[in-house]
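Notes follow the structure.
A, B, ... follow the sequence lines: proteins, then strands. Residue 1 opens every chain.
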Amino acid sequence: KAGVTQTPRYLIKTRGQQVTLSCSPISGHRSVSWYQQTPGQGLQFLFEYFSETQRNKGNFPGRFSGRQFSNSRSEMNVSTLELGDSALYLCASSLVQGFEQYFGPGTRLTVT
Amino acid sequence: QKEVEQDPGPLSVPEGAIVSLNCTYSNSAFQYFMWYRQYSRKGPELLMYTYSSGNKEDGRFTAQVDKSSKYISLFIRDSQPSDSATYLCAMKGTNAGKSTFGDGTTLTVKP
């Protein structure tokens, strides 16, 4: 069974731009969560989607948003990028909400 | 104060050693406890998943949860160079999808 896939794997953007990251969960998994990983803050929860609805949200500003499609694929968007948004963005899928999570390889975003 | 505190490391051991990785937590609502392994430039990989207190063994790995002390551990027996990675503990309540992670412990197993 194919794992979680994330695209793109690497991205370089300029301050003030916006970016969209994509995540395809494991086939059959309906829950998708997004995390930000940085050396200083570790892994921090952004939000979780289940059945196209946001079920949980972390403590991130409104510039961070996401959505889930009917096929469970998910996207997250960051608008008005700041230097501090440089991080590894990880997507994790699970069969049902809150169950064992399986992570993708991440998208490494660099903001210059 | 963070909800989950993990021994910071780094940890360096010789091949064959027993490794102990530890986390403490403050939120009594946590019911599910996980250990992830993350290799450089990769996403975390789920190693162990336990519910409530007790031990769970999987091959060379044993996860231990002591809810009365709010303390969890991961033991690696007969450690191998391929075990060299960052280990992350994570935990969550009964219904929330959100997992709260420790900062990770970097382990190096020397041949």
Side-chain angles (χ1 to χ4, degrees), chain A residues 3-7 9-10 21 23-26 29-51 53-60 66 68 72 74 87-108 110, chain B residues 1-10 21-27 29-52 56 58 61 63 65 74 85-107:
Chain A
V4 178
T5 58
Q6 292 187 246
T7 56
R9 291 293 311 278
Y10 302 91
L21 311 181
C23 170
S24 293
I26 293 171
H29 284 196
R30 296 170 61 193
S31 175
V32 173
S33 297
W34 288 89
Y35 293 84
Q36 181 196 67
Q37 187 175 34
T38 59
Q41 299 295 319
L43 259 162
Q44 291 191 291
F45 174 79
L46 280 156
F47 27 67
E48 180 197 22
Y49 286 87
F50 181 76
S51 293
T53 302
Q54 187 179 91
R55 304 290 177 153
N56 287 286
K57 190 176 189 306
N59 297 323
F60 279 82
Q68 186 180 35
S72 296
S74 177
L88 181 67
Y89 289 89
L90 292 158
C91 164
S93 78
S94 57
L95 192 60
V96 296
Q97 185 185 5
F99 206 59
E100 300 175 26
Q101 293 183 322
Y102 295 88
F103 281 84
T107 293
R108 185 162 296 280
T110 302
Chain B
Q1 186 186 0
K2 291 187 175 183
E3 280 189 298
V4 179
E5 299 278 0
Q6 184 167 359
D7 288 353
L21 303 164
N22 308 294
C23 290
T24 59
Y25 63 96
S26 57
N27 189 340
F30 288 144
Q31 296 284 341
Y32 296 90
F33 304 92
M34 290 77 69
W35 285 96
Y36 289 85
R37 177 175 62 195
Q38 186 173 22
Y39 292 113
S40 181
R41 300 191 177 279
K42 301 280 188 183
E45 169 194 2
L46 181 64
L47 279 176
M48 304 282 285
Y49 183 99
T50 57
Y51 172 71
S52 201
K56 183 176 182 179
D58 185 1
F61 298 89
V65 174
L74 178 71
T86 296
Y87 290 79
L88 299 151
C89 65
M91 41 200 85
K92 58 190 176 185
T94 52
N95 295 318
K98 168 189 172 181
S99 292
T100 302
F101 283 78
D103 288 341
T105 302
T106 299
L107 169 69

Ser94(A) and Glu100(A), any side-chain heavy atoms less than 4.5 Å apart: no
Per-residue contact mode, Leu43(A) against chain B (heavy atom under 4.5 angstrom): both
Side-chain donor/acceptor of Glu5(B) to backbone N/O of Thr24(B), under 3.5 Å: no
Contact class of Gln6(A) relative to chain B, heavy atoms under 4.5 angstrom: neither
Interface moiety of Leu88(A) toward chain B, non-hydrogen atoms closer than 4.5 Å: side chain
Note: Arg37(B)-Glu45(B) ion pair, threshold 4.0 Å (strictly below): yes
Candidate pair Gln1(B) and Ser26(B), rule side chain to side chain donor-acceptor pair (under 3.5 Å), full reasoning: CA-CA 9 Å; Gln1(B) 186 186 0; Ser26(B) 57; 5.5 Å; no
Leading residue by heavy atom contact count with chain B [cutoff under 4.5 Å; candidates Gly42(A), Pro105(A), Pro39(A)]: Pro105(A)
